[in-house]
Every structure is written in C-alpha cells, then in structure tokens.
Amino acid sequence: MFKLKQIGELVRRTPVDVVGIDLGSSGVKVVRARKTDEGPVVVGTGVFPRPSADGGADARVAPIALTSRLRSRYASLAVSGARASVKLLSFHGAFDSSGAEKIAEALAIAKPDEYRIGYQVLAESRAETRILAVGLPEEDAQAALALVPAGVPAPFSIEVSGLAALTAFVKAQERMGRTAATGLLDFGAASTTLALFSAGALAFVRRFDTGTDPILARIRDSLGVDDETARGIIADGAFDVSQSVAEVMDEITKQLVVSRDFVERRENCHVGSLFVSGNKSVLQHAVGDMASAVGVEVSFWDPFEGLKIADGAMSPEMTDQKWRLSAALGACLATLEG
C-alpha cells in the first residue's frame, strides 16, 4: 500500500504469490502469502539471522536457506530506512503527474537522482490532495538488494519497514470492518513509527529514532547485567523495570498526546483506541502509562487478525511473536492487494 516504486519492469502483471522479506536490524523476517478468491492466505513464515557484515560484499540472504514453503517467484522487500525521508504532504487542489516534481522538494531531498522516491495519493478533492511520500537513498536500496539471493525470488518492490507495518495494520482494520479513528505505535529495535487514522485513512505519521533497544540498554546499564540477562529480567518480571521503561518512553508518550490532539482538531474526530506493535515483554510496562496519558484503551495488535493462515505456516514460537512479522506481511499485502 505504501510501497516505493517498483524495481524496474520486472513483471507485467501483479504477482499472486509473493514472499515479503523484512531486512531488519534484529534479523530477516519472512512471510509468504498467496492471493485467492477468498483473500490472501499466509502459507509460510520464518525469522533468520541477518547476514553479517564480516561476510563482505559477497554476503547474501542465501545462507538462511529458504525452505520450499518460503520460496516464491517474487519478493517484496522492506528495509529499516534509517536515512529515508517520510512525510505526509498536503497540496492545494488536484494533483497529477506534473506535480510529482514537487515531491522531492517537499521531502527536502537536495539530490533526487540519488534517491528512490515514491508516493501515494491518500485523499483528493478540488481543495486539497493529501499524499504520503517516501525518499529512500539509492545506496540503501542497493545494499538491500545485495542481500537477496540471486535468482528466485526476484525483487519486485522495496519499501520502508515502518510503512509496510502500517499497510498490514490498515488491511487488518479493513478485514475486521473497523472505521473509527484509531492509531498504531509500531516499535522496532531501533525506531518507532506513530500513525493515526481517521475514517480509515492515514491522517498523521511520524518516526522516532527510538525503539526497544534503548529500553533494553537502560535496564542493562541500571542493573549492571548483559543483554541476555536483561531480556530474561524483562520477560520474567523479576525486577521492577517500569522506571527505566518510562524514562525512555516519556518523549514518545508526550508526542503521542500532542499528535492525537492535533489530529482530533483537524479531522474533527475522536481517537478512541490505540494499538501497539512490538516486544510485549519489553513494552507491557509502557502500555499502562500510554493509556493513562491519552485516556483511551491501548492494546497489543495482532497483524494476522482475521487473516487465513495455512496449516504449518507458523511455528508455535512465532505464534507468540507475530509482531516481528508485521512489516514482512505488509510488504506481501501491498503487492497482492495494492
């Protein structure tokens, strides 16, 4: 849904079978889905170590040994996009291809030729056109392509992981018939994406350079333990880490309140619920604080809600970690459903 332009003229028709590959900092997350008359069906999932930089220029995703269940003819890629520019833009009047030149300027990209720029019209009227625009450095796109195995699956599209997760969220709301104003906080290891929706349409988006890693680091440093022990402490609830979590989350929570108020005034709506996507053991202490700050229900989001999953497509371990697959799933759905 929010994907960048396709990588060349690879195919003439939209694939009906695609594998989404999220090249995240914490690993390579994979979801394969097929288009059917009853809607998309997830036929395979997996999480693999990201190829190490020590492997040099020849490092590829191939060492993760994609199983036959995960092999498709085409792949839709999602990348962290730490250097990407993402903005929700508004232009006066209708918008046509001649206005595309304004996108790079609005994204504050000085050298457009060095970026892959994509946009999607979200709402259009005679008075205003609202557009989601993304600029991804070509260097980052090429680095992602270098991690894809030669041959099959062939790259079909590339997008920013945080926006791919938003696609999965929007599709889930559509499947469940939800149209009320709502929001999503998608926590990655190194960054967080905040999105607010009104009447099913994206009304606000912002990325923060803070994810769950700083929370883990704060707990690790405050208790004088290593990363593995810190993860165990969070999961077991052996210590009260709420203060450490609050210190890291305070700015995001403040911005959430300000952003919510802004959207409610501009869209004349009421954001009655919020969803969180991310490591539940790390974020469970933050959810209560968020709920108190915004005065609405805040709950963890299941990206596969209402979606058909084939037998054996998801391991028991991943059933408890579905949030890790949201961007890979979103990349699939953007290709299959547009």
Side-chain angles (χ1 to χ4, degrees), residues 1-4 20 22-27 29 31 76-89 107 118-120 122 130-136 140 144 158-173 181-198 200-215 248-260 262-263 271 273-280 282-283 286-287 290 294 298-303 322-334:
M1 182 176 181
F2 300 131
K3 64 185 171 183
L4 299 174
D22 177 21
L23 301 163
S25 60
S26 62
K29 284 82 72 175
V31 174
S76 293
L77 309 180
V79 297
S80 59
R83 298 195 300 164
S85 179
V86 177
K87 289 185 179 180
L88 189 59
L89 307 173
L107 288 172
Y119 68 90
Q120 178 166 336
L122 302 179
R130 189 174 299 172
I131 291 173
L132 178 66
V134 187
L136 179 70
D140 292 358
I158 186 168
E159 56 187 308
V160 175
S161 296
L163 298 184
L166 296 191
T167 296
F169 182 76
V170 170
K171 296 299 184 182
Q173 301 309 295
T182 186
L184 174 70
L185 272 164
D186 179 58
F187 287 87
S191 64
T192 299
T193 301
L194 165 63
L196 296 171
F197 301 83
S198 175
L202 183 66
F204 180 90
V205 64
R206 178 175 176 181
R207 294 198 304 162
F208 300 91
D209 294 328
T210 298
T212 54
D213 278 354
I215 296 175
V248 176
M249 292 294 300
D250 184 57
E251 183 59 29
I252 291 179
T253 300
K254 288 180 180 177
Q255 292 301 318
L256 169 61
V257 173
V258 171
S259 302
R260 185 275 312 270
F262 168 74
V263 168
V271 178
S273 65
L274 290 169
F275 293 87
V276 170
S277 176
N279 191 326
K280 189 173 183 179
V282 175
L283 297 169
V287 168
M290 288 183 195
V294 297
V298 180
S299 55
F300 284 94
W301 168 59
D302 174 4
K322 291 179 182 178
W323 56 270
R324 298 186 68 187
L325 301 170
S326 60
L329 174 63
C332 279
L333 297 180

**Q** How long is the gap from OH on Tyr119 to CG on Leu88, to the nearest 0.5 Å?
**A**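 Spacing of OH (Tyr119) from CG (Leu88) equals 15.0 Å.
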**Q** Hey, what do you get for CG (Leu194) to CZ (Arg207), rounding to the nearest 0.5 Å?
**A**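 One gets 12.5 Å once the value is rounded to the nearest 0.5 Å.
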**Q** Could you label the plane-to-plane angle of the Phe169 and Trp301 rings as parallel, tilted or perpendicular, counting under 30° as parallel and over 60° as perpendicular?
**A**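 Plane angle over 60°, so perpendicular.
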**Q** Of all residues at least two apart in sequence or in a different chain, which pass the side chain to side chain contact (heavy atoms under 4.5 Å, CB included) check with Phe262?
**A**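 Phe262 satisfies side chain to side chain contact (heavy atoms under 4.5 Å, CB included) with Phe204, Arg265, Arg266 once adjacent residues are dropped.
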**Q** Please check: side-chain N/O of Arg324 versus main-chain N/O of Gly27, any donor-acceptor pairing under 3.5 Å?
**A**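 No: the side chain of Arg324 does not pair with the backbone of Gly27.
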**Q** Does some side-chain heavy atom of Leu274 sit less than 4.5 Å from a side-chain heavy atom of Met290?
**A**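 A side-chain contact under 4.5 Å is absent here.
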**Q** Are the side chain of Thr167 and the backbone N or O of Ala334 linked by a donor-acceptor pair below 3.5 Å?
**A**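 Judged by distance alone, no pair lies under 3.5 Å.
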**Q** Looking at every heavy atom in both Ala168 and Leu333, which two are closest together, and how far apart are they?
**A**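 Result for this residue pair: CA-CD1, 4.3 Å.
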**Q** side-chain hydrogen bond (donor to acceptor under 3.5 Å, both in side chains) with Arg130: which residues, sequence neighbours excluded?
**A**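 Per chain and number, Arg130 pairs via side-chain hydrogen bond (donor to acceptor under 3.5 Å, both in side chains) with Glu267.
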**Q** NZ/Lys87 to CG/Leu107 distance, rounded to the nearest 0.5 angstrom?
**A**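 It comes to 6.5 Å.
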**Q** What is the minimum heavy-atom distance between Ser80 and Val160, and which atoms define it?
**A**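 Answer, listing the atom of Ser80 first, then Val160: O-CG1, 3.8 Å.
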**Q** Below 3.5 Å, can you tabulate the donor-acceptor pairs from side chains in residues 252-260 to any protein atom, sequence neighbours excluded?
**A**
from: Thr253; atom 1: OG1; to: Met249; atom 2: O; distance (Å): 3.1
from: Lys254; atom 1: NZ; to: Asp250; atom 2: OD2; distance (Å): 3.2
from: Gln255; atom 1: OE1; to: Arg206; atom 2: NH1; distance (Å): 2.7
from: Gln255; atom 1: NE2; to: Glu251; atom 2: OE2; distance (Å): 3.0
from: Ser259; atom 1: OG; to: Gln255; atom 2: O; distance (Å): 2.7
from: Arg260; atom 1: NH1; to: Val294; atom 2: O; distance (Å): 2.7

**Q** For residues 186-197, pull every pair meeting side chain to side chain donor-acceptor pair (under 3.5 Å), keeping only residues two or more places apart or in separate chains.
**A**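 Every pair satisfying side chain to side chain donor-acceptor pair (under 3.5 Å) with a residue in residues 186-197: Asp186-Ser277.
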**Q** Which residues pass the ring-ring contact (aromatic ring centres under 6.0 Å, His included) test with Phe187, sequence neighbours left out?
**A**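 Scan of Phe187 (ring-ring contact (aromatic ring centres under 6.0 Å, His included), adjacent residues dropped) gives none.
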**Q** Which pair of heavy atoms, one from Ala327 and one from Ser161, lies closest together, and at what distance?
**A**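 Scanning both residues completely, I find the closest heavy atoms to be CB-O, 3.5 Å.
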**Q** Indicate the atoms forming the closest heavy-atom contact of Val86 with Leu132, along with that distance.
**A**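 Looking at all heavy atoms of both residues, the shortest contact is CG1-CD1, 4.2 Å.
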**Q** Kindly indicate, with the supporting measurements, whether the criterion side chain to side chain contact (heavy atoms under 4.5 Å, CB included) is fulfilled by Ile215 and Leu283.
**A** CA-CA 9 Å; Ile215 296 175; Leu283 297 169; 4.2 Å; yes
**Q** Between Leu89 and Ala133, what is the shortest heavy-atom contact and its length?
**A**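 Nearest pair, atom of Leu89 first, then Ala133: CD1-CB, 3.8 Å.
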**Q** Suppose we screen for side chain to side chain contact (heavy atoms under 4.5 Å, CB included). Which residues come up paired with Asp140, at least two apart in sequence or across chains?
**A**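 For Asp140 the side chain to side chain contact (heavy atoms under 4.5 Å, CB included) partners, ignoring immediate neighbours, are Arg83, Leu136, Pro137.
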**Q** State, to 0.1 Å, how close Val79 and Ala144 come at their nearest heavy-atom pair, and which atoms those are.
**A**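 Closest approach of Val79 to Ala144: CG1-CB, 3.3 Å.
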**Q** Just verifying a value: how many Å separate Ser273 OG and Leu184 CG, rounded to the nearest 0.5 Å?
**A**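 Those atoms lie 10.5 Å apart.
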